[in-house]
Each structure stands twice: as C-alpha cells, then as structure tokens.
Protein chains: 2
Amino acid sequence: MPQYEHVEKVRLLVVDDDPPIADLVATVARYEGWDAVTANSGEEALRQAAEFHPDIVVLDLMLPGLDGFGVLDRLRQSGTMVPVVFLTARDGVADRVAGLTRGGDDYLVKPFAVEELMARLRTVLRRSSGPGFQRSVLQVADLTMDEDTREVRRGEKLLTLTPTEYEVLRYLMRKSPTVLTKAQILDHVWEYGFGGRSNVVELVVSRLRRKLDDSGEPLIHTVRGFGYVLRQAAE
Amino acid sequence: MPQYEHVEKVRLLVVDDDPPIADLVATVARYEGWDAVTANSGEEALRQAAEFHPDIVVLDLMLPGLDGFGVLDRLRQSGTMVPVVFLTARDGVADRVAGLTRGGDDYLVKPFAVEELMARLRTVLRRSSGPGFQRSVLQVADLTMDEDTREVRRGEKLLTLTPTEYEVLRYLMRKSPTVLTKAQILDHVWEYGFGGRSNVVELVVSRLRRKLDDSGEPLIHTVRGFGYVLRQAAE
DNA sequence: AGTTGACCGACAGCAAAACGACAGCGCCGT
DNA sequence: ACGGCGCTGTCGTTTTGCTGTCGGTCAACT
C-alpha cells in the first residue's frame, strides 16, 4: 500500500514558530508512520537537527530571531545535505525562495493543504535518496496517476484534471480501498483554515466522476451516510 | 476478539457539561473494560488531564467558560498529543469543526449513538498507537467485516448494507456470541433519546437476515422472549 | 387451540447526495 | 493595465434511497 518505502522510519524535523502548525504537520507525518519532532525557533531547530538527524526538514522561513535562511546556512555549513521543504507566507519572500529550491528542495506557500505537503515531502525524499530513484505511479484498477508528470489515465485514455480534482483523486487513490468521510477529504486536501462546507467535496467528486467514470465501470463509490471510496467494484 | 489491545486499560477522559451524557459515555467505556473519568467544565477537564493522563479524550465543544477549542489549545500547548474525539451540536459549530479530522482526531454530532462513539474511539486509538497500524476486521464464522473499507462478506459474497444495518451487525459481531436484548441493541446503536421504542430492531434484523442468511446457514438467531445472537448454530 | 411475541410487506416521510446554473476570482496573454 | 478564460465554490433543485410506522400473518410456547 505505501508508495514510498524506507527500511527505517522517515525522520522528520518540523520548524515553525506557530506550535499548532508544527504539531499539525508532525501529527500527520506520524500517522504515515514517520518519526517527527518539532522546533519552534531557529536555535531549537539547529539543536534538534544535531541530535535527531532528520532525513528531511520542513522549515518555516519566517522565524523570530534566527530565521529560516539563517537556519539553512548553518545547516549547510555544518555539512549536512538534508533536504528541506520551505514554508513561506503568500506574499513573503517568494523570489528569494526560488534560489533555494535548486538542490532538490522545494517550498510551499502558507496556508497549505496537508496532503500537498506530504506529497512534496515524499517527492523530495524520493529524489534525494540515491541516484536511481524511480517514478511514483499510483494505481487503482485501470486508473493510474504519475506523480512526476501529473499524468492521469483511465486505461489508455488520458484525463485532464484541474488542480483540485487532481488532489482529491490522489488522496482517494492513496487511501484506497479505505472509505473516507467528506470531512477527512476536506481536511486533508483543502488548506487548513478553509471555511467552506463539505458540499464542495460532493461537487469535486461529481466532476471527477464525469471525467473518469465516463469510460468504463464506476470507480468512485458513494457510501451513503458515510463518505466515498475509490476502488474496483467487488463482484 | 478485541481489535485494539492495550496491555494496560485504556484511560478515557470524557468532557461534557451535561452530566448524564458524560456519565453515559463513561459507563459504557467502563463496561468495555476501560478506565474512565468525567469532567463537566473546561477547567476541570484540564485539571483531570494533568492528573489522570488519559490515552484519549471525548470533548464537547460547547462548554460554558473555557470551551472545547480552548481546552484543545491548552492541551496542545502543554505538549500533550493525546487524541481527541469532539462532540458538537448538529447546527452548532459544525462549520468550525473543519480541520479537526486532519490531525487524526475525529468528531461526532450530538445526539450520537454510543456504539458509534466507541467505534470512533477505537479507530482513533488504533491509528495513533504507533505506526504500522493494522486493519480492523471482525469475524464470526464465515462472516467478516472490515471496519476500514466497510466491506462485509459472507464467505466470498459481498454484502451491501445500509448504515443502520451496518451498525447493528457490527454490534452483534462485536458482542458475539453473547445474546443481546432488543433494548440493548436499541440503546447502543440508536442515538440516545431516540423516541420510537418500537419494533425497529426487529425490522433491521429482518432486513439483515435477508441479506446475510440468504446464502448459507442462519447466523442471526432469535432467542424468543429475550433477544438476538449472532453465532454459528451450535449443534 | 389460544395467546403472545416475532416477522416482514407496503408505504410515506425525509435526509443525504447529485448536479445544473451562476458568480467571483485569479491567472494569463496581449 | 486590461480583457478573457478557466477554475472554484455557493445556492437551490432534483433525485435517490434509507428509515421507521402500521398492521396482517406466522410461529412458538402453554
């Protein structure tokens, strides 16, 4: 079931001065089976990095005192090549971030969706773990999703999905054949702090169905009173 | 038989300003062999959390004084990652609930059914107790129920159950081979405060029988004048 | 054979889900 | 800076199918 396999648990360090955010990320990561620790300041981050030896770091750029850039410099000075995914405010330092993402690192704008962050983390890990990294292709029945090229196919047929549709489908595919509630989908795929009603989930599912269930048997099933599943219909 | 196994008893803190509700939940939990304490205000909840060190918390969001969100914040600030299942009024704070299932927590709308609550608690515990959590599959004779995929099978044959049927069957399976009275089933599977003390249970059992006893020997047996059991017929 | 409890078909009310239509917004190209 | 287009989410309507009530029939125990 898991797409990315480590022999050992992935070790994640989350650095954000807003404890709820740091905990949120750490919690979600632990649910994926990772080891996660948090730091709420740049200084603490350096301490944790030295002790914990993370495989990957989520680093907020906007930190009081020693900021994200500072943390990054010090990390690199100490010789560690640990990959980093940056977090930045929307209108923050977007241009300066661009230069940071060369080494296989990545960045995300706040507020983000947790599934999006986890996907980026998995991608960065995959790319940075040795040279011969392989593609990540999700598959459920005759539906495939290539996370590198963002190509989605039902059988041979190429589907054109909007960003939201893509994210919802990825979540459904990743969790398949587990049944997900609308609240779970909403909470994982939409940005934290999104106020909208779970009605949007129905809508996106409806649009997804039109695109992918058009050709062939339905793959997205409604579990009335509970939620949705993506799976091949069992007999 | 139990899906989630603690070496020690599960420690549950129930927070609700309505004492009957809090006691109801605590009582059911104790009946399952858990340790349970109650708190009727946010302040008391924090005190209890500090003293009792629960493994999981049931937290009503609508509390006088320090409300559920406040309690949650304080809990998290104090560094405890204890998982929480929230209770909310139907048209109350349903919108503000967005984001709560993201960290692995869950929520339930009042009035709820006790078995539903217990099931959610077990799920959350299972998922948050370390990595590599396994599926929860109930089995009685050749009848299986996967609580993640909600797939129910009699032998190979896949059954399609409505939500109520599913809940009644889960309760029967979980308690098998104990005989349950209709009142017990009604009290556990239907929302507390459900008015119709009619023959709904008979009806649902009847519908269940048609779906699952159709193929093979009957598994649901009537104990006339008392109730129902789910078990393989004893010769 | 009578009495009581259980079973279950039929129906109606209702809640959840599907979806069409529209409006706001951001993004992009010019 | 402006205009256009496509994406997203809201609203409201339609559709679906679950749920519980009623009441007649059946089975079991006395």
Side-chain angles (χ1 to χ4, degrees), chain A residues 90-91 94 109 111 113 116 150 152 159-169 172 179-187 189-191 193-214 218-230, chain B residues 90-91 94-95 98 109-113 116 150 152 159-169 172 179-187 189-191 193-214 218-230:
Chain A
R90 185 161 298 279
D91 294 315
V109 171
E116 168 103 39
R150 291 182 72 96
V152 179
L159 307 179
T160 312
L161 303 184
T162 68
T164 310
E165 287 161 6
Y166 181 88
E167 290 295 329
V168 171
L169 183 60
L172 284 168
V179 182
L180 302 169
T181 67
K182 281 182 264 186
Q184 282 178 311
I185 298 173
L186 194 62
D187 286 349
V189 172
W190 270 260
E191 301 167 351
F194 175 73
R197 297 220 187 76
S198 59
N199 199 327
V200 285
V201 178
E202 290 176 14
L203 187 56
V204 175
V205 166
S206 158
R207 285 169 178 159
L208 266 175
R209 274 179 171 149
R210 205 173 319 157
K211 289 183 179 177
L212 64 90
D213 285 351
D214 234 20
L219 287 183
I220 302 182
H221 307 279
T222 301
V223 180
R224 189 164 244 263
F226 197 88
Y228 298 100
V229 215
L230 180 80
Chain B
R90 184 163 296 281
D91 292 316
D95 43 344
V109 171
K110 280 187 174 185
F112 54 87
E116 169 104 38
R150 291 179 74 95
V152 179
L159 309 179
T160 312
L161 303 184
T162 68
T164 310
E165 287 161 7
Y166 181 88
E167 290 295 329
V168 171
L169 182 60
L172 285 168
V179 182
L180 302 168
T181 67
K182 280 183 262 186
Q184 280 178 310
I185 298 174
L186 197 60
D187 287 347
V189 172
W190 270 260
E191 301 168 350
F194 175 71
R197 47 171 168 53
S198 52
N199 57 354
V200 272
V201 178
E202 290 176 13
L203 186 56
V204 174
V205 167
S206 155
R207 286 171 178 158
L208 267 175
R209 274 178 170 150
R210 201 175 323 154
K211 289 183 180 178
L212 64 90
D213 285 351
D214 231 21
L219 288 182
I220 303 181
H221 307 280
T222 302
V223 179
R224 196 180 170 81
F226 195 84
Y228 299 98
V229 215
L230 181 80

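Letters A, B, ... mirror the listed sequences (proteins, then strands); counts begin at 1. Just so it is clear, the structure is predicted and the values come from calculations on it, not from any experiment.
- The OH atom of Tyr166(A) sits 17 Å away from the C1' atom of dC7(D) (whole-angstrom rounding).
- Rounded to a whole Å, the CG atom of Asp213(B) is 15 Å from the C1' atom of dA6(C).
- With rounding to whole Å, Leu180(A) atom CG is found 14 Å from dA17(C) atom P.
- Residues passing the side-chain contact (heavy atoms from CB on, under 4.5 Å) test with Pro218(B), sequence neighbours excluded: Asp213(B), His221(B).
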N/O-N/O pairs, protein side and nucleotides 7-14 of chain C side, under 3.5 Å:
{"residue": "dC7(C)", "atom": "OP1", "partner": "Arg209(B)", "partner atom": "NH1", "Å": "2.7"}
{"residue": "dC7(C)", "atom": "OP1", "partner": "Thr222(B)", "partner atom": "OG1", "Å": "2.4"}
{"residue": "dC7(C)", "atom": "OP2", "partner": "Tyr228(B)", "partner atom": "OH", "Å": "2.4"}
{"residue": "dC8(C)", "atom": "OP2", "partner": "Ser206(B)", "partner atom": "OG", "Å": "3.3"}
{"residue": "dC8(C)", "atom": "N4", "partner": "Asn199(B)", "partner atom": "ND2", "Å": "3.1"}
{"residue": "dG9(C)", "atom": "OP2", "partner": "Arg210(B)", "partner atom": "NH2", "Å": "2.9"}

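- Under the rule for a side-chain contact (heavy atoms from CB on, under 4.5 Å), the partners of Phe226(B) that lie at least two apart in sequence or sit in another chain are Val179(B), Thr181(B), Val223(B).
- Note on Trp190(B): every side-chain N or O is 4.0 Å or more away from OP1 and OP2 of dT19(D).
- Side-chain contact between Phe194(B) and Asp187(B) is absent, with no heavy-atom pair separated by less than 4.5 Å.
- With rounding to whole Å, Phe194(A) atom CZ is found 10 Å from dT10(D) atom C1'.
- Paired with Leu169(A) under the rule side-chain contact (heavy atoms from CB on, under 4.5 Å), one option of Val205(A), Leu208(A), Val204(A) passes, and it is Leu208(A).
- Candidate nucleotides dG20(D), dT10(D), dT8(D) were compared by shortest atom distance to the side chain of Val200(A), and dT10(D) ranks first.
- We find that CG of Leu208(A) is positioned 14 Å from C1' of dC7(D), with the value rounded to whole Å.
- Between the CD atom of Glu165(A) and the C1' atom of dG9(D) there is a distance of 13 Å, given to the nearest Å.
- Between the CD1 atom of Ile185(B) and the C1' atom of dG20(D) there is a distance of 16 Å, rounded to whole Å.
- With sequence neighbours left out, the side-chain contact (heavy atoms from CB on, under 4.5 Å) criterion links Glu116(B) to Leu108(B), Ala113(B), Arg120(B), Glu167(B).
- Here Thr164(A) reaches the OP1 or OP2 of dT8(D): one of its side-chain N or O atoms lies under 4.0 Å away.
- Not a single side-chain hydrogen bond (donor to acceptor under 3.5 Å, both in side chains) links Arg224(A) to another residue, sequence neighbours left out.
- When the side-chain hydrogen bond (donor to acceptor under 3.5 Å, both in side chains) test is applied to Arg150(B), no partner is found at least two apart in sequence or on another chain.
- For the helix from dA1(C)-dT30(D) to dT30(C)-dA1(D), the rotation axes defined at the first and last 5 base pairs enclose an angle of 40°, given to the nearest 10°.
- The ring-ring contact (aromatic ring centres under 6.0 Å, His included) test applied to Phe112(B) returns Tyr192(B), not counting sequence neighbours.
- Between the side chain of Arg224(A) and the base of dA17(C) there is no donor-acceptor pair of N/O atoms closer than 3.5 Å.
- Rounded to a whole Å, the CG atom of Leu186(B) is 10 Å from the P atom of dT21(D).
- Taking the side-chain contact (heavy atoms from CB on, under 4.5 Å) definition, one finds that Thr162(A) meets it with Thr164(A), Glu165(A), Lys211(A), sequence neighbours left out.
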